[in-house]
Structure formats: structure tokens, C-alpha cells
Amino acid sequence: MTTPPDETITDALDRADAALLARRLDALTCPPDLLGRMVRHPAPRIRHLGLALLAERTDAPVSGDGGEDTAGADRPARVEHLLPDSPGSSPEESLLLAGLHARLAARQPRHRLPDWRAAALPARVRIAWLRAEILGDPAVLRTEPAGELLYRAVRACDAAGAHRPDRLVAELVGTGDPVLGAEALRLARAGLHAGLLAPAFVRGRLVRLLDSPDPGVVTDALRELAEPWAAGPPTATDRRPRSRQPLSSPLPGTVTPRSCGARRRTRPVLRPCAGRPWNSWANGRNAPTSAAWWPWPGRTPSCSPGPS
């Protein structure tokens, strides 16, 4: 429940007494109208305090009674109504505003940002605003020029903070940029383990990363595709590797289908694919069971490394 401001709070706001307001006000019980007056106050200290309280109020968990003035129950549209239309008059204030807009962009579609590109802002603040724009609308990656500003903004993004994590990963993969491809891999892995992205979707985007010009991105994508979660029926984006040349000299300790078939006495069945790189797995790992990595359509391997 919010409480109406008393005369002490009103007088402190008129005098721009930020110290008294910081001691007396609570982010969860402060009336929204008072927060609106604070974030538009002519004194910079009062505006900064109002934005800090509004950020704390926005991050508060929503109560179960669904009351309009319940702590943390402010809807994104109401919080957006309290924010000013400008990107801030100081770097500190603009940085707080960028964080608030990033939170709102993750909760509602087509969130409108102030014209931060026209303002003379430091690099750190511009990165925060670009991050908020990317989290709300990943399509901006199609027109944003590649550079340190974009790379640092994407590096600051997280899957849980995006309105559509699947669109964010897909747009990053679609750029073809090696740096953004590595970030797409990071976000895809984080979204997968957080339950935000489906394994089939992540597998399809990782397969596309195999065309990256960066060998490190390709290696990381292959390593992730060898994890147990990537095993499953083939999808439209799956494909078989281009190279089907046998390994000339397997790595020491590599468990191959030939040795696996010898242990299971199924060597005649596995003979055609023995020694091929996409059917080899190292360090004692089981072979991937995805049909996209198996040479015979409709079949999956049924062998695993036996005891040495």
C-alpha cells in the first residue's frame, strides 16, 4: 500500500532537501505521483533520488493481491508514464534512465526510447542506451554499424533481460559478424540453461554458426553441439558436415565407432562409418545421437564406450 506524503515530505521536496527525502521515503510505499514530481524536479539531486527509487520499485516483486498501489505492482505503462521524455541532463542521470528503459523494454513490446542518439553522451552512457534498444528491438542489429560501441552493448546484454531472447539470438547469428556470433553463442547457451530457449531452436542456430569465418566460434559451436542436450530428431536447419574424409590418425585416447563395435561385437554394422570424423568422439564421451550427425537416415547410434 502507498501512503500519501505528509507536510514534512512536501516541504522537503519544495526545499530540494535530498537528505531528508532519502531518509523518509521508501521505494515500495512512495506514491507514484510523488515519484513523478521527483524525476521531473529542477534539482539534479532530487531527480537522481527519484530515479533510484523508481528503479528499486520497478525491480520489486509483484504482490499476489493484484492491487494497483501494491508494492512492485506498477505496470510498465505506468512506470513509462512517470519517466521524462529526455535522455537526462547529466551522465549519471542518463545512465539511470537507460537502465530503467532497459527493464521496461524487456517487459513490454514496442517500448519507445527518448532520442538518445542526438544527445552528446559519454561512451559508457551510449553503450547503456544501445543495450536498452537492442533488448527491446533486436532488429536494430541489421542497421547498427559494427564497432566497439555495438560489441560492448551486446556484451552487456543477457538472455533474461531481453523481451524476445529467440529474436535476439537469431538477429546476432544473422549478422555474420564473428564477434556477434560469439555473443550469440553465449546468449544461446545462457537462454537454453535458463529455460528461455528451446533445444531445437538453439541447435539450429548453432549449426548456422558453423559457417562463421572465425575458427574459435566454429570450435565452440561444435563443442556445444556435442553436449547431450543437442541430441534429438533432425530439424529443417540441421545438415550433415561437408567433409566426409576419414581421419588419417585419430587422437590418442579417442573412442571411435570401430572400437565401440568391437566391444559390442557389431563391427560389420559399424564398418562403413569407422574412422570418420563426425562419428568420432574424444575424451570418453558418448557419440551424439542426433540423426543429423549419423550417416544413415532414420538410424541413431546405439553404442557407447565400454570399459577399458
Residue pairs involving residues 12-45 (criterion ring-ring contact (aromatic ring centres under 6.0 Å, His included); sequence neighbours excluded): none
Worked verdict on Leu209 versus Leu185 for side chain to side chain contact (heavy atoms under 4.5 Å, CB included): CA-CA 8 Å; Leu209 286 178; Leu185 180 61; 4.1 Å; yes
Pairing residues for Glu92 by the side chain to side chain donor-acceptor pair (under 3.5 Å) criterion, not counting sequence neighbours: none
With Ser89 via side chain to side chain donor-acceptor pair (under 3.5 Å) - residues at least two apart: Arg47, Glu93
Test item: [X] and [Y] side chains (from C-beta on) under 4.5 Å apart, heavy atoms:
X	Y	answer
Asp85	Pro114	no
Val202	Trp229	yes
Leu34	Thr10	no
Leu83	Val39	no

Any pair counted as salt bridge (charged side-chain N to carboxylate O under 4.0 Å, His left out), so long as it reaches residues 184-197, sequence neighbours left out: Glu183-Arg186, Arg189-Glu224
Summary of salt bridge (charged side-chain N to carboxylate O under 4.0 Å, His left out) pairs that have at least one residue in residues 111-126, sequence neighbours excluded: Arg117-Glu133, Arg117-Glu144
For [X] and [Y], indicate whether the former's side chain and the latter's backbone hold a donor-acceptor pair under 3.5 Å.
X	Y	value
Ser212	Val217	no
Thr219	Pro215	yes
Arg205	Ala170	no

Residue pair [X] / [Y]: nearest heavy atoms and the distance that separates them:
X	Y	result
Ala27	Leu53	CB-O, 3.5 Å
Ala162	Leu168	CB-CD2, 3.9 Å
Cys157	Ile134	SG-CG2, 4.2 Å
Gly36	Leu82	CA-CD2, 4.0 Å
His163	Ala105	CB-O, 3.3 Å
Ser86	Leu97	O-CD1, 3.6 Å

Between [atom1] on residue [X] and [atom2] on residue [Y], distance to nearest 0.5 Å:
X	Y	atom1	atom2	answer
Arg164	Asp137	CZ	CG	11.0 Å
Leu96	Leu49	CG	CG	10.5 Å
Leu206	Glu227	CG	CD	11.0 Å
Leu113	Trp129	CG	CH2	6.0 Å
Phe201	Leu196	CZ	CG	11.5 Å

Go through the structure and list residues passing salt bridge (charged side-chain N to carboxylate O under 4.0 Å, His left out) with [X], not counting sequence neighbours.
X	answer
Arg40	none
Arg24	Asp6
Asp14	Arg37
Arg23	none

Leu130 vs Trp116, side chain to side chain contact (heavy atoms under 4.5 Å, CB included): CA-CA, chis, key distance, verdict: CA-CA 9 Å; Leu130 182 56; Trp116 62 272; 4.0 Å; yes
ring-ring contact (aromatic ring centres under 6.0 Å, His included) partners for His111, two or more places apart: His101
Show the atom names and distances, to 0.1 Å, of all donor-acceptor pairs under 3.5 Å that link a side chain in residues 147-156 to residues at least two apart or in another chain.
from, atom 1, to, atom 2, distance (Å)
Tyr151, OH, Asp177, OD1, 3.3
Tyr151, OH, Asp177, OD2, 2.8

Full working for side chain to side chain contact (heavy atoms under 4.5 Å, CB included) between Val140 and Glu171: CA-CA 9 Å; Val140 71; Glu171 291 289 350; over 6 Å; no
Result of checking Leu197, Asp158, Leu135 against Pro165 for side chain to side chain contact (heavy atoms under 4.5 Å, CB included): Leu197
Set of residues satisfying side chain to side chain contact (heavy atoms under 4.5 Å, CB included) with respect to Asp17, sequence neighbours excluded: Ala12, Arg15, Ala19, Leu20
